Structures are given as C-alpha cells and as structure tokens.
4 protein chains.
Amino acid sequence: MSPKVSDAYKEEKRASILAGALHCFTEKGFQATTVEDIVRHLGISKGAIYSYFSSKEDMYIQMADDRMNAMVESLSAQFKDITSAADKIRFLFDRFQKQPLHELRKWLTFHMEFMLYAARQPELIDYFSKYSSKALSLVQKIIEDGKKSGECRADLDETAAPYLFWAVRDGLALQFMLYGEEADYRSILKDMENMVLRYILKSPPN
Amino acid sequence: MSPKVSDAYKEEKRASILAGALHCFTEKGFQATTVEDIVRHLGISKGAIYSYFSSKEDMYIQMADDRMNAMVESLSAQFKDITSAADKIRFLFDRFQKQPLHELRKWLTFHMEFMLYAARQPELIDYFSKYSSKALSLVQKIIEDGKKSGECRADLDETAAPYLFWAVRDGLALQFMLYGEEADYRSILKDMENMVLRYILKSPPN
Amino acid sequence: MSPKVSDAYKEEKRASILAGALHCFTEKGFQATTVEDIVRHLGISKGAIYSYFSSKEDMYIQMADDRMNAMVESLSAQFKDITSAADKIRFLFDRFQKQPLHELRKWLTFHMEFMLYAARQPELIDYFSKYSSKALSLVQKIIEDGKKSGECRADLDETAAPYLFWAVRDGLALQFMLYGEEADYRSILKDMENMVLRYILKSPPN
Amino acid sequence: MSPKVSDAYKEEKRASILAGALHCFTEKGFQATTVEDIVRHLGISKGAIYSYFSSKEDMYIQMADDRMNAMVESLSAQFKDITSAADKIRFLFDRFQKQPLHELRKWLTFHMEFMLYAARQPELIDYFSKYSSKALSLVQKIIEDGKKSGECRADLDETAAPYLFWAVRDGLALQFMLYGEEADYRSILKDMENMVLRYILKSPPN
DNA sequence: GATGAATGAGAATTCATTCAT
DNA sequence: CATGAATGAATTCTCATTCAT
C-alpha cells in the first residue's frame, strides 16, 4: 500500500536489472546480447524486464545515462582536493594508467556501440552531446583556472584544449582496442601525458 | 572453355557491388543493412552477390581491405616529393583538413562498426592488426627519417610517436562523430597539428 | 518462479509436435518436409518448434530415439511370458504379420531416410549403432537361451544369427517397399519364418 | 553433317556426363550433390548438362536405368556356363563376397536414395518394378531349373524363393550399411549362403 | 554449340515482444 | 504481479535452371 516501500523496491530492481544487462552488453555487445541472455544471467523472467523497461533499447539508454553521470560526478568529487591545473591533468592520466587494458576495452566497446547506435538516431544525438559536454566542461574548467593562475599558456584556446585532451585519450584507447600489449599502452599513455602537459603549460616539465 | 565475360568485367562488377554495399553500410550500418537492401540498391539479384562474395562479412572485409590499401598507397606515392619530416606531417594534416566532416563521419562510422565487429571475432583481429600497422609504419618512417636528418627530437620514441599521431587524429574524429561544427573541427585540428609538431620537432614552430 | 505450465504439459506438447512432424516426414520425407509444413499441419508457430527442438535434425533424432526405445521395451515386456526360443521367434514373426503393409512402408521409408542421413554424418553413426544393437541383443538373448535349453543348434553362431534374423526381415520389407501385394508379402514372410526356424532349431518343424 | 558421327559423339558425351554424375552422387548423395559439383568434377559447363538432360532428376533416372540393365545382363551372361542351381546360387554369393564393403555401402546408398525418391513419385514405381522383376526372374529361373533337375525341394515356392534370396542379401547389406567390420560381414554372408542353400536344396550341404 | 553469370524462390533459424495463466 | 510459451516477421544463404553472348 505504502508507495515509498514499493518505489524503493522498484528502483532497486531497476538498478539490478540494469547491472545485469550491463554485464551482458559489455560481454557480448548490445546487438548480440539477447533478452534471453539477460534474463538467464539475472534469474528473472522476460516479463519482469518489460515491466521496468519498454524495450531493449530503453535499457541501453538508461544505462549509458547512469554511467556517464557517475563518471563525471566521481571525477568532480575527487577534484575538490587538487588545486594545480597540472596536477589535475596528471590525476586524470593517473586514473587512465590505473585502468586495466582489458577493462578499458570492455568500456570502449560499450561506448562505441552506443555511439554507433546514436549516430543512426537523431534524437539521441542531442542526448549524447549533453553528456559529452560534461566531460569537456570538466577539463575546460581546469584550463580556465590554470590560465588565471598563470600555470597554463595565456594563448591557449580554452575551448579547443578539452577536445584535445579527450581526443588524445580516446584515440589511444581506440589504437589499443583490438590488440596490443598493456605495457606499450601504458608507456605511450605516459608520452601522451607529456605531450599534453607540454602543450598546455607555460613552463613544461623537463 | 574461355570465360564468356572478361576478368575486367568481373572486377568491375565486384567493385560496383562493393560500392553499392558501401553506400548501404555507411547509410544504415553493417548489421542493419540487409542483403536485400544492397540488392535493391544495385538492382541485381541476391545470387549475384553470393557469386562474387562468400558472405556479407566477406564483402565487409574486402571493402575495408581495398580502402586501407588505397589510403596507404596514395599517401606513399605523394610522399615521394616531400623530404622534410615536418612537411610530411603537415601534408597529412592538410589532407585531414580537406576531408569534409560529413565524409569523415561516414568513414569513421564504417570503421568503428568494423572494429566492433572484429572485436568479437578473434580471427579478424590479426587481419586488422596487419593493416593498422601499415598506417603506423608510414608515420614511423617519417619520424625515423626526421631523427636522422636532425629535424626531430633525438629522444623521441619512434615507436610510440606513430600511435600518438593517429590517436590524436582518430580521437578528434571520435569527438566530432555525432555532432559539432565543421569550423570548430578544423580549428581544433589545426591546434592538434601544432601540438604534434611541437612534440616531435627539435625546434617547434614559433 | 515456478513454471507456468507443468512438465506434463510440456511433454505433451513435445510429443504432439513430434507426432505432427512424423506425419509430415512420412508423407513427404525428412528433407522435403519444411518447418513451414510442420507448423501449418500443427497450427502452431515456427518459434514453438524451436523452443522444443533445437533444429529439424533434432526432431528427427528424438523421433527415431522414441520409436526405437518403445519397440524394444514393448518386445522385452511381452517376452516375459514366453519361454521357448522357437515361440519367441514365432511371436516376433507374428508381430510382423500383424503390421499392415502400408504402415510398414511408412516406417521403412522413415528409417531409410534416417539411415541415409546418418550415413553422411559420422556423429550420428555411433548413435545409430547404439540403438541397432538393442534390437540385435534382443534376438541374441533368444538364441543363447535356446542353445542352453537345447532348442537351438549347438553349432549356431549366436553373434551372426541376430543379423540374419533382422536382415531377413528388413530385406523383405525392402522388396515390398515400393510395390507388391499384401498377400504375397504375408506369404513370403511365412516362408521366411520357416527358413529361419529351420536354420536355428535343432529339430526344425516338419 | 553426317548424323552418325554426331550421334556417336553425343552418346559418348551423355555417358561421360552420367559417369561423372554417378561419381558425385555416390560420394555425396543425390540431394546433396549440386549441379555445380558435377560440372566441376567433369570440367564442363552447366549448359552442357542441360543440353543432354532435362533436369538433375532426369540424370538420376537414366543412371539407375543404365546400371540395372548392366547388372542383369552381366549376370545372365556369366550364368551361361553354370548348370547346377546350387552352383548358380553359390556363384551369386561369391560375387557378393568379392565386393568390398565400402563399395557395397556406396551402391546401397545410391539405390536407397533412389528408392526413397521413387517412393514419392508414382510414375517411377512402375519403372522400378519392371527392373526389380528382372533380378527376381533371374533367381526364379534358377529355382525352376533346380526343381526340374531335382536339385531343389519340390515343395519350394518358386515365386517366393527369389524374394527370399534378395531379401536376405539386401537385408544384410542394410545391417552393415552404416558401420560394422568387413570380416563380420563376410562371415555372416557365408552363414546366409548356408541358410539359403539349406532352405532350397533337397539335400543340403553337410 | 558451349558457356557461366545471373536469377529468385525458398530454406532454416532467430529473437524482441506479447499476453494468457 | 510475475511468468515464460508462443508468436512470426525478418535474415542470411543456396542452387536448379535459364539465356545472352
């Protein structure tokens, strides 16, 4: 009777279905994952899925949504304690360094499939741009602060730099998506960090 | 005994089917494109497709193959007349600048879907790595020559640098895959050119 | 959690699909029968077939399996009450006599097509041999018991005799598979019975 | 210009196509053999096939026809020199003994597939019966002569005995069609010879 | 006559979604 | 409310036959 209990239960269930579906999607890909796969993995019924989500596509969107929010929130939170622009950039590269390559591949696959999917559906593009801009803003803020504090080159384009940052990162992940050694990946990632810092800072390291 | 149609005819037909299929793949994606779609677009029969290609996958592979070969060959040819490493890099960025964004999007979509597809098929990964290494070698050669001539930093890692180059390029394309203005894209691409040249050259431009 | 339909219902459904498929297979043959034919005959959907059987071949195997098991079980049960070897052989010939020729033809057609099919699929041959040996063992047991009791010739090869028995039976069915009068078939079957009894018994009838 | 030359050439070509097709049919079966298979095996064109035969089915019928005629003619010819009924039966069993099991399997497969095929086509049944009766007559003649000469039991049914003979033979082949050792096959075939001779002769061997 | 490229009607199988129980 | 059996449109690929060259 009490809607509160019911709503909490429903949200929990929704989240658990999404988690199970995410597991399957990262494992086999969105298209290749069948509703049957998800249902088997979760030990629930097909009907249950359809009482929480209107379609397989709906699950996908809600999932990407949840994940992007979580990423940006987590990063923003951790930036609280870092003041230097260079240190923030280093902190981000550190996070990239810490992520195992196989996990990166899994996520990249998930995101690429989502982008591909979004590319065919105009209404998703706006949605996508909204979330991408969160990641861009995060870096733009770093640059702006860095310019104010004199850490960053005054003539650096603060709109373009965030694109550069993410492009460098995503581009490298793309290079290593299908094959390549973890050690090589980390070493090149380190070079990238140098290249980026060299480019944005007034007085580059070494 | 002798074939009733020439080899030239067959190659032309093969190419025309591939062109039609590419049109459909870039329009709707590989998975979403049905053989029926291709056949309807080309005004031929289903059987014709299967007498030139063993499967939809085969068309995809031959297409990627053709394209990668063409790209590397065309670049290698044009490099004949350029001696300076910096000029070669600039030449490449010039080519990127000249490609209309909508066309880039089409190709990127095609390649991403192929990568995603290859990611699930271990036997395709080798195939893929073979061709990727062609693009990497091209840039590696530039760096090596540049180091010999003293144009490039002596301490530059000539194995990592090609990854950087392509990562930067592919990563930016990825950023603009779904949305973004052509002008912004070009402007950031210019910045990237600067970042890359600054990183690899002994005496960076201004 | 608990299934919405009972196991009994599912088994009944499985059996009904098998019955419908058998009807079609005996009518048109395995290869010539399409899944569409079966589905139309049963008034169900294509999907229903595939939720009970993994393929058309699977239906075929389960069908042959069911039938062979039923035959051997039914014979074994009825042998309980017969002690004499000669009577057991006579009982078997009696059963052959009772089967209408048109029905024999139907079954023979079914089994021959299955053998032909199995002949091209090495993994089915083992399966087939397992079931054939059931029929052979049944007769071998009769011979062995008959030798012990002194009914059968002591120098009779108890491994070969079962082959003889079934060869004689199947061979005659083969002769009458396409044409021939029911009366002729029965009369020759009677002669066969004599030939076989004469061959295996110490003191043949008349 | 001269039709004689042309006709001879045509007959030769017809026969060579038939031989090639037979090779393919015994190898893979009628249904599984594609016209492409035959054409590749023979090194001719598809059109050539269709200028000699109206369809794949037509090839099959003409082939079975040729083969049955050849078998009966060859046997009849060889019987010229044998007078005793028992010796004729032994001669036949000798021929069966000489045929390698793998070859028997190939032929049996071919004939079974043809029977199955004929079973669905009423107009082929008459055709089939005509040829089968040739094989039956051959043995019936032996029995009749044997009865006249006193070799065979006087009360033997000369209509039924030929069926028995061929049933015994075809039935054993059927038992060994899919698996079984060559040695076992030969040993049981010998037993069968004994069983048959015992049954038809007035004074059976040993 | 010979050729073999082209045809296109089918075939088996899959799977997101529904809805009776 | 949950369940999972049933649905059936959609998909890839095959191959006997034809017919322009």
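Below, read A as the first sequence line, B as the second, and so on, with proteins coming before strands; counting in each chain starts at 1. Just so it is clear, the structure is predicted and the values come from calculations on it, not from any experiment.
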Nucleotide E:dT14, atom P - distance to CG of C:Asp58 in whole Å
12 Å

For B:Phe114 and B:Phe110, take the angle between the two ring planes, folded into 0 to 90°, and tell me which bin it lands in: parallel under 30, tilted 30 to 60, perpendicular over 60.
parallel

Calculate the interatomic distance between C:Leu42 atom CG and F:dG8 atom C1'; express it in whole Å.
16 Å

Rounded to whole Å, please give me the gap between CD in A:Glu57 and C1' in E:dT17.
14 Å

When the distance from CZ of D:Phe53 to C1' of F:dT18 is rounded to whole Å, what number comes out?
18 Å

Round to a whole Å and report the spacing from CG of B:Asp7 to C1' of E:dG4.
13 Å

With a 4.0 Å cut-off on N to O distance, would you call D:Asp37 and D:Arg40 a salt bridge?
yes

D:Phe25 side chain near D:Ile38 side chain, heavy-atom distance below 4.5 Å
yes

Taking side-chain contact (heavy atoms from CB on, under 4.5 Å) as the test, write out the residues that go with D:Glu113, two or more places apart.
C:Leu116, C:Arg120, D:Phe30, D:Gln31, D:Tyr60

With a 4.5 Å limit on heavy-atom distance, are the side chains of B:Arg67 and B:Leu22 in contact?
no

Distance, rounded to the nearest Å, where A:Arg40 contributes CZ and E:dA16 contributes C1':
15 Å

Just to be sure I follow the notation: if a pair is Watson-Crick (purine N1 to pyrimidine N3 plus N6-O4 or O6-N4) or a G-U wobble (N1-O2 and O6-N3), each under 3.5 Å, what dot-bracket string does DNA chain F give, with | for pairs to another strand?
.||||||||||||||||||||

Check whether any side-chain N or O of C:Ser132 sits under 3.5 Å from a backbone N or O of C:Ser129 as a donor-acceptor pair, and report yes or no.
no

List the steps and the verdict of side chain to side chain donor-acceptor pair (under 3.5 Å) for D:Gln62 and D:Asp66.
CA-CA 6 Å; D:Gln62 293 200 33; D:Asp66 284 4; over 6 Å; no

How many whole angstroms separate atom CD1 of A:Ile17 from atom P of F:dT3?
10 Å

Can you tell me the distance, in whole Å, between the CD1 atom of D:Ile38 and the C1' atom of F:dA16?
11 Å

Protein within reach of the bases, or only the backbone? For nucleotides 6-12 of chain E, mark each nucleotide 5' to 3' as B, S or -, using heavy atoms under 4.0 Å.
BBB-BSS

Just wondering, do A:Tyr52 and A:Met59 contact through their side chains at under 4.5 Å, heavy atoms?
no

Closest approach of C:Leu178 and D:Met115, non-hydrogen atoms and distance?
CD2-O, 3.6 Å

